[in-house]
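Written out below as structure tokens is the structure these notes cover.
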Amino acid sequence: ALLRIPEAHRHLCGEERLVARLGELFDTSRVDPAGLPLQRLLVRLSPYLPAIYTTNFDDLLERTFAWAGVPCQAVAVAEDLQAWKLDEVGGRFVPRFPVYKLHGTLGRPGSLVVGESDVLRRSDLASHPIDLRFCSDVMGREILLVGYGFADPNMRWIWTKLRDLEVAPVGWYVELGSSTDLERATMELERMVRVDLESGDPRHPPELLEFLGALVERCERELGPRPRGTVT
């Protein structure tokens, strides 16, 4: 239903009305990045990551990077991969940290994946360069999925292809609540370790912040400061 609602809206009202409505729903202009503890932790974690991938349309993460004074680049379309932004740091040019927008960004409406037809167009692994970059980044590494529904059709398709090719990474899936035996078994099939976080406040779970905060502190303690441009 979540895929068919925007599809119906697009059909009845047109593409421009759909994009305008999404812009209203996901407007972040009144949100202060200083009040986003989850996004601030992700920015602190970024020196130890090759990239962050998100299906969010909004720009909260990019705005938090800017607030923290850490240059980043939103990558949503093929052209972004051909026009990488570099900054001069210590006498050398360093690429900005990539935030890949798997389902596009409101800043470029043509990149949005919101309806059923959009998802179907993305069902061919070779059809979108961001999907290919994701596969390249995760092979030979471990991946941490935070606050993300693994049932997303796009991600399920990509993961199935990686599994069939026997190159799926080990994944850590952070989820609120307790896993059932079936969920744990299916996650093991996907080479995924499910991390259950019990919380009484699913909208603003302090347990998630504690988990990510401990991970950031461990990286900073055991790996030390990471200069920009370091390959992890």
Side-chain angles (χ1 to χ4, degrees), residues 2-3 6 19 22-23 25-29 31 33 35-68 70-81 84-85 95-115 118-119 121-122 125 128-138 141-159 162 169 171-176 192 195 197 202-205 208-209 211-213 215-216 232:
L2 290 176
L3 292 177
V19 172
L22 290 172
L25 290 172
F26 295 100
D27 179 27
T28 67
S29 59
V31 179
L36 301 174
L38 174 60
Q39 281 79 1
R40 295 204 311 271
L41 283 172
L42 292 176
V43 172
R44 282 180 59 191
L45 189 59
S46 65
Y48 308 95
L49 305 174
I52 290 178
Y53 286 82
T54 178
T55 55
N56 291 355
F57 306 134
D58 62 67
D59 61 354
L60 284 179
L61 190 54
E62 298 96 296
R63 291 185 59 215
T64 308
F65 268 91
W67 171 83
V70 180
C72 76
Q73 176 168 347
V75 183
V77 295
E79 289 77 8
D80 294 332
L81 294 168
W84 211 273
K85 296 178 181 178
R96 296 187 178 182
F97 183 82
V99 177
Y100 290 99
K101 315 284 277 194
L102 279 168
H103 287 179
T105 176
L106 286 167
R108 273 155 287 177
S111 67
L112 294 176
V113 179
V114 292
D118 302 322
V119 172
R121 279 193 292 270
R122 291 289 295 274
L125 180 61
H128 201 286
I130 306 300
D131 292 354
L132 295 176
R133 177 56 65 88
F134 173 82
C135 293
S136 174
D137 275 346
V138 301
R141 290 190 170 105
E142 295 184 5
I143 181 173
L144 177 66
L145 297 174
V146 180
Y148 183 83
F150 195 63
D152 173 78
N154 187 209
M155 178 61 75
R156 293 290 301 167
W157 177 261
I158 293 174
W159 205 267
L162 290 172
W172 301 83
Y173 179 62
V174 180
E175 179 68 301
L176 298 178
M192 192 84 63
V195 180
L197 296 179
R203 289 181 58 84
H204 301 92
L208 178 58
L209 297 179
F211 175 86
L212 287 177
L215 178 61
V216 171
T232 305

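What you see below is based on every heavy atom in this structure, not just the backbone, and it leaves out hydrogens, waters and symmetry mates. Here, residue 1 is the first one in the sequence, and each next residue gets the next number.
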| task | To the nearest 0.5 angstrom, please state how far the OG1 atom of Thr105 sits from the CG atom of Asn56. | result | 10.0 Å
| If you measure from CZ on Arg141 to OG on Ser136, what distance do you get to the nearest 0.5 Å? | 7.5 Å
| task | State which residues pass side chain to side chain contact (heavy atoms under 4.5 Å, CB included) with Leu209; sequence neighbours excluded, sorted by chain then number. | result | Pro37, Leu38, Leu41
| said: Is the shortest side-chain heavy-atom distance between Leu144 and Leu215 below 4.5 Å? | reply: yes
| query | What distance do Asp137 atom CG and Leu132 atom CG have between them, rounded to the nearest 0.5 Å? | reply | 11.5 Å
| query | Of all heavy-atom pairs between Ile52 and Leu42, which one has the smallest distance, and what is that distance? | reply | CD1-O, 4.0 Å
| message | With heavy-atom distances below 4.5 Å as the criterion, would you say the side chains of Val75 and Arg133 are in contact? | response | no
| remark: Residue set satisfying ring pair (Phe, Tyr, Trp, His ring centres under 6.0 Å) with Tyr100, at least two apart, ordered chain then number -> Tyr53
| request: May I ask you to test the Arg96-Phe65 pair for a side-chain heavy-atom distance under 4.5 Å? | output: no
| request: Quick one: pull up CG in Leu106 and OG in Ser111 and give me the separation to the nearest 0.5 Å. | output: 8.0 Å
| Those residues that, when tested against Glu142, pass side-chain hydrogen bond (donor to acceptor under 3.5 Å, both in side chains) (two or more places apart) | Trp172
| Gap between atom CD1 of Ile130 and atom CG of Leu81 - 0.5 Å precision | 4.5 Å
| said: Any heavy-atom pair between the side chains of Val31 and Leu60 that's under 4.5 Å? | reply: yes
| Steps toward side-chain contact (heavy atoms from CB on, under 4.5 Å) verdict (Trp67, Gln39) | CA-CA 11 Å; Trp67 171 83; Gln39 281 79 1; over 6 Å; no
| remark: Taken in chain and number order and not counting sequence neighbours, the residues that satisfy ring pair (Phe, Tyr, Trp, His ring centres under 6.0 Å) with Phe26 are Phe57
| message | For Pro109, give me all partners under side chain to side chain contact (heavy atoms under 4.5 Å, CB included), at least two apart in sequence or on another chain. | response | Val19
| Residues which pass side-chain hydrogen bond (donor to acceptor under 3.5 Å, both in side chains) with Ser29, listed by chain and number, not counting sequence neighbours | Asp27
| task | Identify the two heavy atoms, one from Phe97 and one from Ser46, that lie closest to each other, and give their separation to 0.1 Å. | result | CE1-O, 3.3 Å
| Looking only at heavy atoms, which two atoms of Val174 and Phe211 are closest? And how far apart? | CG2-CE2, 3.6 Å
| query | Just by modelled atom types, is the Gly104 backbone N or O under 3.5 Å from a matching donor or acceptor in the Arg108 side chain? | reply | no
| query | Rounded to the nearest 0.5 Å, how far apart are CE of Met192 and CD1 of Ile143? | reply | 7.0 Å
| task | With sequence neighbours left out, write down each residue that passes salt bridge (Lys or Arg N to Asp or Glu O under 4.0 Å) with Arg40, or none if nothing qualifies. | result | none
| message | Does anything in residues 54-64 form a salt bridge (Lys or Arg N to Asp or Glu O under 4.0 Å)? List the pairs, not counting sequence neighbours. | response | Glu62-Lys101
